[in-house]
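The structure under discussion appears below in the form of structure tokens.
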Amino acid sequence: MGRFEKLLRVVRERGGNGPGGGRPWCLPLAERVLLVAVYYRTNLTMRQLAPLFGCSPATVCRVIQRLGPLLALEPAPSSVPGADRLWIVDCTLIPVRDRKVAASSRNYRFSANVQVIIDADTRLVAASARPAPGNKADAHVCRESDLPTLTAGTTVIADGAYLGTGLIVPHRGRAGRPLLRGQEEDNAQHRRVRARVEHTFARMKNWKILRDCRQRGDGLHHAVQAVATMHNLAMAR
């Protein structure tokens, strides 16, 4: 309940309690925020959610479109300066129905490439980029996003797919030039730390909207931001 109250306060401070330019809502703000959270958690359709909250499917759609953007991710709090902070960046493929956002990718589905940065110490999501077609290379998506600007002055590690981006990536062996023992130890430590972002993706995908997103346009971006916000509320001490 404490986490939900924090979420409700965030939405209220961002103007979520207004009528939205039309007649007053038939549901109080707390129920509307709960509706959005249930939608992201279960990925039920509008027709399935409507009887649960005693309203019409059209009202469910309007509530999600209105409150979804208000759950946007805030910068993760940190008590250390940027130079001493360690961030981890990685991407995940999220199946999307909107062909304008997604592309046929290596998971054999139409998916979007979503880049996320987490704080290695707190495991909070620090930032997420706008989704890109799933057939684009991770390094290319990272360069085109606003993540390089956000990570300026901060130590960021990534996997080998981000070679050439200026981030810290594992050592790569070449034909006839195997890795030295020290380089193998560095790679092992790198993998242990980078595994934290994979754990974060696993927790975020407990919200089933990130397993098969039916939203169009910016719907996936709003969903990722909202899920990251609720993930941070759950992980915050």
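Counting from 1, the numbers follow the sequence of the chain as shown.
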*Test: D159 and R191 ion pair at under 4.0 Å*: no

*So does R211 have more than 12 non-hydrogen atoms from other groups sitting under 6.0 Å from CZ?*
yes

*State, yes or no, whether a side-chain contact exists between L210 and V114 at a heavy-atom distance under 4.5 Å.*
no

_Tell me whether Q183 contacts the main-chain N or O of L180 through its side chain, where contact means a donor paired with an acceptor under 3.5 Å._
yes

*Any donor-acceptor pair under 3.5 Å from H190 side chain to A158 backbone*: yes

_Do W25 and F53 sit in one hydrophobic cluster, given that two such residues count as connected whenever their side-chain heavy atoms are within less than 4.5 Å of each other, even indirectly?_
yes

_For the residue pair T154 / T151, report whether a side-chain donor-acceptor contact shorter than 3.5 Å exists._
no

*Is the backbone of L93 close enough, under 3.5 Å, to the side chain of N113 for a donor and an acceptor to pair up by distance?*
no

*Measuring from R32:CZ to C55:SG, what's the distance to the nearest 0.5 Å?*
11.0 Å

_With a 4.5 Å cut-off on side-chain heavy-atom distances among I, L, V, M, F, W and Y, is there a chain of contacts connecting I88 to V224?_
yes

*A139 and A161: which non-hydrogen atoms are nearest, and at how many Å?*
CB-O, 3.4 Å

_Derivation of the side chain to side chain contact (heavy atoms under 4.5 Å, CB included) call for V197 and V89_ = CA-CA 7 Å; V197 73; V89 64; over 6 Å; no

_H222 (side chain) donor-acceptor with L70 (main chain) under 3.5 angstrom_ = no

_Determine whether a donor-acceptor pair (N or O, by modelled atom type, separation under 3.5 Å) exists between the side chain of R214 and the backbone of N43._
yes

_Flag side-chain contact, heavy atom, 4.5 Å: Q215 against L220_ = no

*asked:* How long is the straight-line distance from OG of S145 back to NE2 of H140, given to the nearest 0.5 Å?
replied: 10.5 Å

*How about D212 and R109: do any of their side-chain heavy atoms sit closer than 4.5 Å?*
yes

*What's the verdict on side chain to side chain contact (heavy atoms under 4.5 Å, CB included) for R196 and I118, showing C-alpha distance, side-chain angles and the deciding distance?*
CA-CA 8 Å; R196 299 172 189 177; I118 73 162; 4.1 Å; yes

*Treat each ILVMFWY residue as a node, draw an edge where side-chain heavy atoms are under 4.5 Å apart, and state whether V169 and L179 are in one component.*
no

*How close do R106 and C91 get, heavy atom to heavy atom, and via which atoms?*
NH2-SG, 4.5 Å

*Counting N and O atoms only, with roles assigned by atom type, does the side chain of R41 sit under 3.5 Å from a partner on the main chain of W207, one being a donor and the other an acceptor?*
no

*asked:* I'd like to know if R194 pairs up with E198 as an ion pair, taking the criterion as any Lys NZ or Arg NE/NH1/NH2 lying under 4.0 Å from an Asp or Glu carboxylate oxygen.
replied: yes

*asked:* Within 45 degrees of the ring normal and closer than 6.0 Å to the centroid, is that where the cationic atom of R97 sits relative to F110?
replied: no

*For P148 and C142, which heavy atoms make the closest approach, and how far apart are they?*
CD-O, 3.3 Å

*Between OH of Y162 and CG of D138, what distance do you get to the nearest 0.5 Å?*
4.5 Å

_Shortest non-hydrogen contact from A37 toward M230_ = CB-SD, 4.2 Å

*asked:* Applying side chain to side chain contact (heavy atoms under 4.5 Å, CB included) to N187 and H171, what does each step give before you reach the verdict?
replied: CA-CA 7 Å; N187 283 358; H171 301 287; 3.5 Å; yes

*Interatomic spacing from CH2 in W87 to CG in L147 - rounded to 0.5 Å*: 9.5 Å

*Work out which heavy atom in P95 is nearest to a heavy atom in S111; give both atom names and the distance.*
CA-OG, 3.7 Å

_Lys/Arg N to Asp/Glu carboxylate O, R130 vs D146, below 4.0 Å_ = no

*Looking at CD1 of I157 and CD1 of I117, how far apart are the two atoms once the value is rounded to the nearest 0.5 Å?*
11.5 Å

*Under 6.0 Å from the CZ atom of R99, do we count more than 12 heavy atoms belonging to anything else shown?*
no

_Y39: which of T45, I64, V63 passes side chain to side chain contact (heavy atoms under 4.5 Å, CB included)_ = I64

*Taking the side chain from N232 and the backbone from V125, do they hold a donor-acceptor pair closer than 3.5 Å?*
yes

*Can you tell me how far CG of L44 sits from CG of L49, rounded to the nearest 0.5 angstrom?*
5.0 Å

*Check A30 against L8 and note the closest heavy-atom contact, atom names and distance.*
CA-CD1, 3.8 Å

*Looking only at atom types and distance, does a side-chain atom of D218 sit under 3.5 Å from a main-chain N or O of H221, one as donor and one as acceptor?*
no

*Working for salt bridge (charged side-chain N to carboxylate O under 4.0 Å, His left out), residues R9 and E5*: CA-CA 6 Å; R9 184 167 59 251; E5 289 173 0; 5.9 Å; no

*Give the intermediate values and the outcome of side chain to side chain contact (heavy atoms under 4.5 Å, CB included) for residues T92 and V116.*
CA-CA 8 Å; T92 185; V116 170; 5.7 Å; no

*Treat each ILVMFWY residue as a node, draw an edge where side-chain heavy atoms are under 4.5 Å apart, and state whether V10 and F4 are in one component.*
no

*Does the side chain of S128 come under 3.5 Å of the side chain of Q225 through a donor N or O and an acceptor N or O?*
yes

_Within the 4.5 Å heavy-atom criterion, are T122 and M235 side-chain neighbours or not?_
no

_Can a side-chain donor-acceptor contact be found between Q65 and R62 if the only test is distance below 3.5 angstrom?_
no

*Would you say V141 and V101 are hydrophobically clustered, going by side-chain heavy atoms of ILVMFWY under 4.5 Å?*
no

_K205 atom NZ, neighbour heavy-atom count above 12 within 6.0 Å_ = yes

